[in-house]
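Here the structure is a predicted model, which is why all the values come from computation and not from measurement. Convention: sequence-line order gives letters A, B, ...; per-chain numbering from 1.
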2 protein chains.
Amino acid sequence: MASLSDIAQDLGISVSLVSKVLNDNLGTTRASTKTAHAIRKRAMELGYRKNRSAVALKSGRQNVLGVFVHRQGLPGSGLNEHLMEGIAFEAMKFHQSISLTFFEAASEFRSSCEHVHRGTMDGLIVGGVRHTELEKDLLRLNAEGLKVVTILNDELHPLLPNVKVDQGEVARMATHHLIERGCRRIAQIGGEGPRLDGYKAALREAGLPTDEALVCPCNEDDFVFEVGVRGAEYLLAGDAGSCLLAGRFDGVVAQSDQQAVGALNTFLRAGLRVPDDVRLIGIDNSAYCEFSMISLSSISQEFQQRGRLAVRMLMDAVAGKQVRSVTVKPVLHVRQSSK
Amino acid sequence: MASLSDIAQDLGISVSLVSKVLNDNLGTTRASTKTAHAIRKRAMELGYRKNRSAVALKSGRQNVLGVFVHRQGLPGSGLNEHLMEGIAFEAMKFHQSISLTFFEAASEFRSSCEHVHRGTMDGLIVGGVRHTELEKDLLRLNAEGLKVVTILNDELHPLLPNVKVDQGEVARMATHHLIERGCRRIAQIGGEGPRLDGYKAALREAGLPTDEALVCPCNEDDFVFEVGVRGAEYLLAGDAGSCLLAGRFDGVVAQSDQQAVGALNTFLRAGLRVPDDVRLIGIDNSAYCEFSMISLSSISQEFQQRGRLAVRMLMDAVAGKQVRSVTVKPVLHVRQSSK
DNA sequence: ATGAAAGCGCTAACAA
DNA sequence: TTGTTAGCGCTTTCAT
């Protein structure tokens with residue numbers, strides 16, 4: 001590993017001059033073209049590369065971004081993969097490396113936080129769909145001078161800038177799409193809170209009534225396959241065993257692609273035709289939307305984009321700029337199930 | 001950020017003593033219990049944390065692992081996710097952060113390599129199913145003193161230790177499982193090379209004949225859904241339009257879960273029953289094995305485990321130890337499709 | 001049992 | 001146009 005002083009010695013000049021030239025950082029003054037040229041040439045020959053820990057030590061920064069990813073309860077959805085890609089891509093641009101931790105339980109998160117401090121990293125990105133009670137720990141870290149940006153459904157606290165996708169908008173968009181495709185009696189599986197509101201808002205905007213019987217009761221707030229199966233079974237049972245339900249419901253909005261596939265499989269087994277009898281849409285735009293018996297329409301939550309934004313925001317914050325939460329628009333992906 | 005000298009000043013002692021005590025690194029001598037205690041107490045109070053770039057600068061190491069991940073042509077399989085989890089988990093244990101880059105084309109890999117050197121990272125892990133012509137670049141980096149460990153199907157070069165899963169064994173295991181389940185005429189979709197050999201080996205071991213007509217011709221060496229669809233169509237067509245093919249083939253080994261799901265959907269549409277008429281198995285143990293109409297048996301390539309091993313091997317290599325390639329056993333996961 | 005000093009590689013204020 | 005110097009925070013050898 002060649003260092004600045006190697007170059008300086010070889011050329012019989014001072015280290016600082018070499019540094020200035022190689023950094024294009026001469027201030028008001030200039031270096032002679034000849035010297036500059038010689039320096040660059042020698043640097044090239046020696047394969048000189050900056051030592052990043054020396055730079056870090058000098059600048060008081062670490063050039064490391066902490067990344068805490070809540071291992072989302074949706075294996076195979078590719079959400080984390082997209083998130084990581086976005087973060088990695090943008091971090092690379094800023095020459096930041098990543099200290100990556102996956103966590104599941106809040107306790108895991110807690111203990112991971114122990115290793116987080118300004119001597120280790122400059123900032124922290126916390127991602128995942130669910131936000132639990134991370135707020136206190138993050139505020140503490142923030143108070144200690146560590147910049148924090150979250151990628152969650154909702155901002156945790158005004159001091160913790162967040163990259164959000166509005167969940168009401170996600171559900172509204174999904175429901176609106178089915179309405180546009182001609183559905184008039186749209187059921188909803190497993191939603192609550194903003195998602196439920198968004199669903200109702202879309203119906204209202206279209207002048208359609210809300211039928212509470214079409215909102216599948218759901219005590220688990222989980223996004224898994226089985227919830228979709230049970231939701232579909234509930235809808236089918238509602239028609240007292242008859243398998244052809246046109247008229248009773250003609251569209252289903254699920255809360256995840258897993259749920260949607262669960263419902264899809266159940267409908268198909270029961271002899272319903274998708275999209276002819278029922279149109280279906282999921283949420284997340286998972287890779288397996290392409291692999292179901294009928295390919296699945298979905299709404300993407302733009303995790304790659306959000307990862308990239310979060311890094312940029314964090315870099316701004318580290319640079320001392322004021323950073324504010326942003327909202328990213330979800331995107332509709334139409335496939336067979338709602339054609 | 002409290003530093004060693006803060007502690008030293010507060011206690012009116014020298015920095016070096018503080019360093020020694022906090023590192024449990026006193027050599028042959030000892031520090032008075034009282035002083036040691038005071039140091040630890042003050043460190044605690046001040047929330048002292050080591051500055052990692054100072055340590056890195058001093059030690060000549062970066063404590064950064066480069067991770068290059070070949071964005072595998074299998075979105076949704078979760079392979080990269082598992083790989084990253086394994087790597088992240090183990091890197092954390094060794095207090096290493098990660099410089100993460102995803103690449104697709106060899107040219108992307110090339111240009112990423114430009115940023116790779118000893119002033120940036122101590123070692124490099126290259127992961128992905130496919131190994132292209134990365135060898136030359138990696139050997140160059142290795143020659144420059146950067147340790148490299150790969151996570152590929154096969155070692156690239158004796159100087160580049162690899163964490164392998166034997167592809168012949170993967171196919172053999174899949175085929176063997178179907179034989180054990182009672183299949184006698186097992187087709188193979190899309191395989192070649194070691195995978196094809198493994199398939200044949202399993203048949204041979206069981207004393208079953210190889211029927212070339214059951215090896216679906218496949219000009220794309222790709223693992224995608226459509227290849228599975230076409231493979232299944234080929235098998236169905238072979239029976240001149242009849243849909244009940246018991247006797248013609250009773251098992252199918254695919255080269256990926258995507259392929260397997262493509263074949264599954266095609267069989268189901270054609271009226272075949274799975275697993276009654278045909279038993280099916282995929283490879284990768286993707287998350288969506290659980291979400292197909294009939295849940296899919298599969299063979300996992302243990303990417304999490306391999307990621308962890310790779311980090312350990314790399315740390316050994318960085319520490320100057322001799323490191324050799326290892327082989328990890330694939331694991332069978334039985335679900336409905338082969339019950 | 002404790003401390004002084006040197007130095008890792010780099011940058012930047014200041015001097016010449 | 002170029003150089004000197006100090007110092008970022010830490011470890012480690014060699015004193016005391």
Would you please say whether a donor-acceptor pair under 3.5 Å links the side chains of B/Gln301 and B/Gln167? yes

When you compare the side chains of B/Ser16 and B/Ser19, does any donor N or O come within less than 3.5 Å of an acceptor on the partner? no

Measure the distance from [atom1] on [X] to [atom2] on [N] and round it to the nearest whole Å.
X       : N     : atom1 : atom2 : result
A/Asp6  : C/dC8 : CG    : C1'   : 13 Å
B/His37 : C/dA1 : NE2   : P     : 17 Å
B/Arg61 : C/dG7 : CZ    : C1'   : 19 Å

Among all residues two or more places apart in sequence or in another chain, which pass the ring-ring contact (aromatic ring centres under 6.0 Å, His included) test with A/Phe109? A/Phe68, A/Phe103

Please encode protein proximity along nucleotides 9-14 of chain D as a string of B, S and -, counting only heavy-atom distances under 4.0 Å. BBBBB-

For A/Glu90 and A/Arg312, what are the C-alpha separation, side-chain angles and deciding distance, and is it a salt bridge (Lys or Arg N to Asp or Glu O under 4.0 Å)? CA-CA 7 Å; A/Glu90 206 68 21; A/Arg312 278 186 236 156; 2.9 Å; yes

Those residues at least two apart in sequence (or on a different chain) that pass side chain to side chain donor-acceptor pair (under 3.5 Å) with A/Lys93 are none

